[in-house]
Amino acid sequence: MSSIANKQVLDFILYEKEEWPNSALMKFKTTESLPEILPGQFVQVKVEDSPQTYLRRPLSVNYIDRENSCLWLLVQKVGPGTRKLAALALNSKVNMILPLGNFFSLPEPKKESGLQNIVLIGGGIGTAPLLLLGKSLHELGYLPHFLLGGRSAADILQVEQFRVYGKVFITTQDGTLGEQGLVTEHSILKEMQPDRIYCCGPKPMMQAVASLAKKRNCWCEVSLENLMACGFGACLCCVEKTDKGHVCTCTEGPVFNINQLLW
Amino acid sequence: MVDLSVQLKALRLKNPVMTASGTFGYGEEYLDFMDLSRIGGIIVKGTTIRSREGNDYPRMAETASGMLNAVGLQNKGVDYFVKNIYPRICDFDTNVLVNVSGSTVEDYVQAAEIIQELDKIPGIELNVSCPNVKAGGMAFGVSAKALCQVVKEVRAVYKKHLMLKLSPNVTDITELAKTAEDQGADSLSLINTLLGMSIDAEKQRPKLSTITGGLSGPCVKPVALRMVWQTYKAVKIPVVGMGGISNTADAIEFMLAGASAIQVGTANFIDPAVSVTIAEGIEDYCQRHGLKSAQELTGALKID
Ligand SMILES: Cc1cc2nc3c(=O)[nH]c(=O)nc-3n(C[C@H](O)[C@H](O)[C@H](O)COP(=O)(O)OP(=O)(O)OC[C@H]3O[C@@H](n4cnc5c(N)ncnc54)[C@H](O)[C@@H]3O)c2cc1C
Ligand SMILES: Cc1cc2nc3c(=O)[nH]c(=O)nc-3n(C[C@H](O)[C@H](O)[C@H](O)COP(=O)(O)O)c2cc1C
Ligand code: FES
């Protein structure tokens, strides 16, 4: 389970939606068969009929059910494109390019790897790709720790779904849910030495997690959210400076080991 | 049966649709989405004599119906292209042209000489119009004197199809078009991106690391169409039109205005197979309008 499926342009139908003030969980179905999608990969969604959103919008795959050709996206409303998507009526048609990007590296099954403490750290909407990753880790025999952070309780989403695959820990900056503070300050990180950290969220948060991982000599992958135009390696707009120079985050990323980055 | 083929001097395209440099990678990026043999040609990424890291991130800002880019010709240099990329793409069943850029006349000449040795590359597109690099680039494309020199010297060494890509960032594009024609260019492609700028009002900062960048997409189409029309009337060599082409009707408009062929750029990002859709659409259009050949469209605009 590590080869990347061919990229496709597929139409989906929105069949279910859960909406919050700042975000929405959107569940889509396609009549075609869904290609294999690995945790950390993303889709490029077309926002129809709006000159303000000419380009597609990159969104992480939150969850998939391949048998039923279902795909979930978790969308934070930050601008015209994400607001328009979140406002779509049920049964709307949405066009996506997928699967895009690389994926989180999965360990060997727990029986063989002997790894104990796997921590998935998500900030804000950065928790989106961690659900599918948690599911995959669970299938490999792990009980991952999900450490979810946000400004306040309203930013902490899908807690029940995360609980299916592992243990959930929460921080909020205003203390309305879980421990008060930043994810890097959560007591769980003081109590145990993680074997692996996977992280996705705002850049300053990922940089804080990366420096914590470096200090504690811990393997760590982060998922970047650089601005993209094409999403499949054709425009060179999405670059990040790495040990190999400028690389495209849409093809060689969005997932990077922190040792590759010049943070 | 409609004959879709078009002739750019000695270069034959099986249909008038090409893809624009910098928006189509090396073609490989699109193989999952489309069959390259269904279009007339592809123009690969801007290539320079030495490798270039390009500009700092952020390099892209979306605008109303378009985008600004400031990629700055990131590429690994012509030698890397010859050794590593050419062998992978030389068997594509379409015309593969290389877009060549440089900071000095010698850069252009050397790169052209190296690419001339590649059997399966029938032509180059000289990019004298990139707004995203400090030295050279657009400097050659906005002064008739500098343009004259670069086309003349490349022409002296390069025997295959020489397409010259014009900058829209000039007062009178026909002056440069005529200069290029006089110096022996085989065809002219236009337009490259329009110099533009975008600001984040909240942060009070430019959105691009380079402050200014190149505007492309549907928002530039009326300007591009006007320039193709003016150029078509000013020169005898074939004109290849581009700028915001996103569908068949756009492509037809450029041909009516005088383009012999067209290039699809930014639209590839939104619909990666759109070039094939347009090629099919042109055939359909010709059938509906009783045309035997797509070449009949070139300059067929009715203005009485
Ligand atoms: C690989 C990848 C995966 C992503 N996954 C998700 C996801 O699962 N859920 C989700 O809600 N969002 C995700 N994003 C971010 C999402 O793509 C942007 O928020 C969206 O494109 C903004 O579009 P808009 O029209 O709503 O806002 P715009 O008007 O385009 O932007 C509004 C504001 O958001 C900022 N912004 C725009 N794009 C990004 C970005 N890529 N990263 C950070 N800030 C940005 C802009 O600078 C601006 O301040 C992901 C981005 C990438 C590159
Ligand atoms: C991301 C990007 C990169 C580009 N890079 C090049 C380049 O390397 N060389 C070049 O001649 N033109 C380059 N262009 C310009 C396009 O080839 C084309 O001239 C322009 O985008 C207008 O067409 P469009 O509106 O269909 O995109 C680039 C355009 C974009 C959007
Ligand atoms: S977004 Fe176009 S190359 Fe990455």
Side-chain angles (χ1 to χ4, degrees), chain A residues 3-11 35 44-58 78-82 95-101 203 224-253 261-262, chain B residues 19-34 42 44-46 51-76 132 202 207-209 213-214 216-219 244 246 265-274 277:
Chain A
S3 68
I4 294 190
N6 280 357
K7 296 181 263 294
Q8 308 179 20
V9 186
L10 282 184
D11 280 333
Q44 275 277 52
V45 182
K46 193 160 164 185
V47 187
E48 298 288 347
D49 302 325
S50 161
Q52 267 185 306
T53 53
Y54 174 63
L55 299 170
R56 288 175 182 261
R57 295 296 187 263
V78 296
T82 47
N95 183 270
M96 302 184 201
I97 305 180
L98 79 171
L100 299 172
K203 196 162 182 177
L224 304 188
E225 290 196 354
N226 289 10
L227 294 172
M228 293 179 178
C230 68
F232 48 85
C235 72
L236 306 188
C237 286
C238 61
V239 293
E240 179 74 20
K241 265 203 184 118
T242 68
D243 54 357
K244 290 190 290 172
H246 275 139
V247 306
C248 284
T249 58
C250 70
T251 50
E252 301 190 42
L261 301 171
L262 309 180
Chain B
T19 52
S21 177
T23 67
F24 209 68
Y26 293 106
E28 298 173 300
E29 294 79 355
Y30 286 82
L31 292 176
D32 281 356
F33 303 113
M34 61 178 274
I42 69 174
V44 302
K45 222 165 351 220
S51 98
R52 291 177 55 96
E53 264 295 291
N55 293 319
D56 283 345
Y57 179 87
R59 294 175 169 187
M60 188 276 285
E62 191 170 4
T63 64
S65 296
M67 63 178 279
L68 286 162
N69 90 80
V71 171
L73 295 172
Q74 178 178 331
N75 78 102
K76 293 190 170 154
N132 292 327
E202 285 306 314
K207 288 195 182 172
L208 297 173
S209 69
S216 65
C219 60
S246 313
T266 309
N268 293 308
F269 302 158
I270 291 92
D271 180 357
V274 68
T277 310

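Here the two rings, on A:Phe232 and B:Phe269, have centers that are 6.0 Å apart or farther.
Using a 4.5 Å heavy-atom cut-off against chain B, the contacting residues of residues 243-250 of chain A are A:Gly245, A:His246.
Within the 4.5 Å cutoff, side-chain heavy atoms of A:Tyr54 are placed close to those of B:Ser246. Annotation: side chain of A:Ile97 is in contact with side chain of B:Phe33 (closest heavy-atom distance under 4.5 Å). Side-chain contact between A:Leu227 and B:Glu62 is absent, with no heavy-atom pair separated by less than 4.5 Å.
In this structure, chain B has a heavy atom under 4.5 Å from the side chain of A:Lys46, while its backbone stays farther away. Residue A:Gln8 touches chain B through its backbone alone, counting heavy-atom pairs closer than 4.5 Å. Interface residue A:Asn226: backbone and side-chain heavy atoms are both found under 4.5 Å from chain B.
Salt bridge status for A:Lys7 with B:Glu29: absent, with no side-chain N to carboxylate O gap under 4.0 Å.
Evaluation of the side chain to side chain contact (heavy atoms under 4.5 Å, CB included) rule for A:Thr82 yields A:Val75, A:Val78 as partners, not counting sequence neighbours.
Between chain A and the options B:Ala61, B:Pro58, B:Pro218, heavy-atom pairs under 4.5 Å are most frequent for B:Pro218. When B:Asp271, B:Asn268, B:Thr23 are compared by the number of non-hydrogen pairs under 4.5 Å with chain A, B:Thr23 comes out ahead.
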